[in-house]
2 protein chains.
Amino acid sequence: MADVARRAGVSAMTVSRTLKGTGPVTPETRDRILQAVEDLGYVLDLSAGALSSKKTGFVSVLIPSLNNSNFSDTVSGITEVLDTEGMQVLIGITNYSRLREEQVIETMLQRRPEGIIVTGGTHTPRGRLILEKAGIPVIETWDLPAAPIDHVVGFSNAATIEDMMARLVFRGYRRIAFIEGEHGEDTRGQDRRAGYERAVQALGLERACVISLGRPPVTMAQGSPAVVRLMETWPEVEAVICVSDLPAFGAIMECHRRGWAVPDRLAIAGFGDFEVARQCWPSITTVSVGSRDIGTRAGALMLEAIQAHHTGESLPPRLIRTPHTLIERDSTAGRPEGATAGRVA
Amino acid sequence: MADVARRAGVSAMTVSRTLKGTGPVTPETRDRILQAVEDLGYVLDLSAGALSSKKTGFVSVLIPSLNNSNFSDTVSGITEVLDTEGMQVLIGITNYSRLREEQVIETMLQRRPEGIIVTGGTHTPRGRLILEKAGIPVIETWDLPAAPIDHVVGFSNAATIEDMMARLVFRGYRRIAFIEGEHGEDTRGQDRRAGYERAVQALGLERACVISLGRPPVTMAQGSPAVVRLMETWPEVEAVICVSDLPAFGAIMECHRRGWAVPDRLAIAGFGDFEVARQCWPSITTVSVGSRDIGTRAGALMLEAIQAHHTGESLPPRLIRTPHTLIERDSTAGRPEGATAGRVA
DNA sequence: GCCGGCGGTGATATCGCTAACAGTTGACGC
DNA sequence: GCGTCAACTGTTAGCGATATCACCGCCGGC
């Protein structure tokens with residue numbers, strides 16, 4: 001930068017101001033500097049700038065996996081918003097493990113991000129502690145934690161499935177099963193299952209029938225053995241909700257193979273509104289949670305929080321409930337006998 | 001760090017050595033320092049370290065989109081490998097635009113990455129120039145550029161489709177169409193189309209039938225109108241190759257809706273070996289290019305190149321051809337009349 | 001008994017930039 | 001004509017770490 005300054009006949013400070021757009025610079029001086037930058041092929045060093053200004057321009061984003069389009073949609077949304085302010089997203093993959101999340105948080109903080117966005121509201125005690133003490137805005141997403149760390153942009157996973165259950169019952173289904181991932185790490189999946197069980201109670205259904213797929217990430221492939229097991233275990237089942245569209249799709253394909261009509265023999269619903277749910281035949285009833293919107297809203301909130309952070313005050317914890325939408329499609333068209341079938345006359 | 005040093009009764013330098021694992025430190029001293037770190041809740045600042053050591057620990061990775069599991073698989077692979085050396089991936093999204101890529105490259109270089117991995121071998125002249133002059137290892141992936149900038153980890157997109165064509169012809173198909181994305185930006189898609197046209201020539205087929213989907217990213221949804229248009233335009237078509245599994249899937253679902261048997265009325269093949277291709281019914285014939293492997297190999301190569309870069313010598317440009325595998329599935333089971341149908345007797 | 005070398009540690013000088021303050025000019029108002 | 005203020009530019013002093021060299025013991029070899 002000193003070279004540039006010399007060549008343009010100004011001080012390094014003026015070069016800095018020109019390149020960052022902070023402070024006033026005479027147009028001529030500016031041109032001269034930009035010319036010098038061009039001539040020398042100079043590239044600003046943001047690491048050095050970060051050290052001196054104490055603004056790294058980083059925001060860390062922690063997600064369970066990149067290979068789930070729900071999460072990559074959220075990241076895309078965040079990235080898009082932060083890009084407008086020249087901030088760089090640092091992605092951390094937690095692999096659906098809270099312990100891994102804790103480690104990733106620790107290493108992330110060494111980069112001095114100006115804010116951190118995590119997926120879910122359940123963390124290891126130490127992970128939570130570190131986040132609280134980090135002294136930067138924190139946003140928890142994809143969940144509505146009972147005791148948020150700071151800000152929240154999310155929805156109730158349980159409620160999405162309760163809504164779905166109500167709708168299925170309204171459509172005439174009574175024997176409704178649930179296909180879930182393994183217990184333990186995927187807390188959002190657990191919440192959905194909890195929603196299912198509450199709904200079974202609330203709607204007065206006979207009993208909860210749950211098939212477990214295995215460790216997350218849940219995949220399309222897991223759907224086919226799961227639906228087979230389901231039909232063997234509870235042949236009387238009329239409908240099934242899957243913890244995600246992916247196994248729902250796998251299940252539907254298995255049904256095609258076996259000649260089980262969907263939805264007439266078995267209605268199948270998913271979660272997440274993946275592209276495959278819309279394109280599948282029959283198209284899959286699902287819940288859209290607006291993955292990308294969660295990202296853009298979290299991004300915007302983060303910018304606001306960082307802004308406040310810079311001016312000294314810290315933004316009071318905000319809770320943004322994002323809407324979820326039940327999307328009824330062909331895979332749950334209703335009992336053949338009509339919407340009232342199975343109801344008490 | 002000075003605080004930690006004081007509390008442990010050593011110099012800052014020793015603290016640094018302990019935390020980074022560089023240089024020898026007596027176990028006792030080490031423990032004392034780690035205790036002090038714990039007590040004070042001290043977190044190392046890598047930005048500062050980067051400035052003085054001139055090693056940022058960043059590697060930039062540019063991809064067209066995060067929402068394509070092929071690319072996110074590659075990124076996962078890269079991340080996984082670089083993680084082992086504590087390096088952080090900086091993701092840049094180019095949106096399938098070369099101009100955008102140029103801009104992203106410029107802003108990325110301000111972060112002083114130690115290496116940069118880009119998707120594809122076609123760039124704007126200026127983008128290419130900047131990469132060449134960046135003075136860091138560059139890896140081009142997902143392609144085999146005629147004139148590589150530096151290293152390459154990729155495969156010939158054209159060859160994948162040529163192989164596919166040969167196989168389809170072997171299976172007895174003669175009238176084979178191609179469904180592609182719009183011309184212009186997606187150079188990998190263009191290469192695949194070029195492979196198709198070469199194969200039409202080489203195999204002595206009647207003519208090339210190409211349906212264009214629209215601007216990338218190509219989606220599942222685009223598959224259905226495309227296949228309808230295809231059948232209207234060339235009713236005699238027997239098979240079609242799609243530029244990606246996603247529209248191939250959309251096309252198959254449309255065929256289900258319309259009662260066109262796949263593969264008997266129309267065989268459909270894709271590209272990319274997305275999960276949906278394996279799970280779809282009928283399962284989709286495709287080309288696997290090992291997206292994740294491309295990532296792990298590029299990651300490993302990058303580590304090696306950075307290593308060399310540190311010791312002064314720069315690694316001679318390396319070209320790693322990754323294997324692609326044709327995966328035949330149910331969607332191209334062969335002409336009903338048998339594998340020799342359509343051949344000259 | 002002397003010397004070379006290694007394990008362990010510290011002092012100092014940056015790394016490249018920007019915050020903060022301190023000029024310097026010229027326009028404007030009264 | 002003079003004070004005031006805004007626009008513009010420069011000076012100085014770090015930001016928080018690490019490269020580098022220097023130093024001190026102590027060991028082993030000849």
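Predicted model only: the values in this text are computed from it and were never measured. In the text below, chain A, chain B and the rest are named by the order of the sequence lines, each starting its count at 1.
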Which atom pairs, donor and acceptor, lie under 3.5 Å between side-chain atoms of residues 76-89 of chain B and protein residues at least two apart or in another chain?
from	atom 1	to	atom 2	distance (Å)
B/Ser76	OG	A/Asn67	OD1	2.8
B/Ser76	OG	B/Ser72	O	2.9
B/Thr79	OG1	B/Val75	O	2.7
B/Glu80	OE1	B/Arg292	NH2	2.5
B/Asp83	OD2	A/Arg100	NH2	2.8
B/Thr84	OG1	B/Val81	O	2.5
B/Gln88	NE2	A/Ile91	O	3.3

With a 4.0 Å heavy-atom cut-off, tell me which residues in residues 23-57 of chain B come close to DNA chain C, sorted by residue number. B/Pro24, B/Val25, B/Thr26, B/Thr29, B/Leu51, B/Ser52, B/Lys54
Can you run through DNA chain C from 5' to 3' and write each base as (, ), [, ], | or . depending on how it pairs? Watson-Crick or G-U wobble, both distances under 3.5 Å. ||||||||||||||||||||||||||||||
Can you find a heavy atom in the side chain of B/Leu315 that is under 4.5 Å from one in the side chain of B/Leu301? yes
Which residues satisfy the ring-ring contact (aromatic ring centres under 6.0 Å, His included) test with B/Tyr96, sequence neighbours excluded? none
When you measure only distances, ignoring hydrogens and angles, does the side chain of B/Arg112 come within 3.5 Å of the base of C/dG16 through a donor and an acceptor? no
Of all pairs that satisfy side-chain hydrogen bond (donor to acceptor under 3.5 Å, both in side chains), the ones with a partner from residues 3-13 of chain B, not counting sequence neighbours: B/Asp3-B/Arg6, B/Arg7-B/Asp39, B/Ser11-B/Thr14
Counting only N and O atoms by type, is there a donor-acceptor contact under 3.5 Å from the side chain of B/His309 to the main-chain atoms of B/Gly135? yes
Please list residues of residues 304-312 of chain A whose heavy atoms come under 4.0 Å from any atom in DNA chain C, ordered by number; otherwise none. none
Atom CZ of A/Arg17 and atom P of D/dA7 are separated, to the nearest Å, by 13 Å
For A/Thr22 and for B/Gly9, locate the closest nucleotide of DNA chain C by heavy-atom distance; then report the residue assigned to the nucleotide nearer the 5' terminus. B/Gly9
Residue pair A/Arg111 / A/Leu90: nearest heavy atoms and the distance that separates them: CB-CD1, 3.8 Å
Indicate yes or no for a side-chain donor-acceptor contact from B/Ser291 to the backbone of B/Thr74 under 3.5 Å, with no hydrogens or angles considered. no
Whether B/Ser11 contacts C/dT9 is assessed here as follows: a side-chain N or O lying under 4.0 Å from the phosphate OP1 or OP2. Is that the case? no
A/Val289 side chain near A/Thr322 side chain, heavy-atom distance below 4.5 Å: no
A/Asp3 CG to C/dC15 C1', in whole Å, measures 15 Å
Which atoms form the tightest heavy-atom contact between B/Leu46 and B/Lys20, and what is the distance? CD2-NZ, 3.8 Å
Whole-Å gap separating P (C/dC17) and NZ (A/Lys20): 10 Å
Separation of C/dC15 P from B/Glu114 CD (nearest whole Å): 18 Å
Does a side-chain heavy-atom distance below 4.5 Å link A/Glu106 with A/Ile130? yes
Send over the distance from A/Met1 CE to D/dG10 C1', rounded to a whole Å. 14 Å
To the nearest angstrom, the CE-P distance between A/Met13 and C/dA20 comes to 11 Å
Decide yes or no for B/Ile294 and B/Phe155: does some side-chain heavy atom of the first lie under 4.5 Å from some side-chain heavy atom of the second? yes
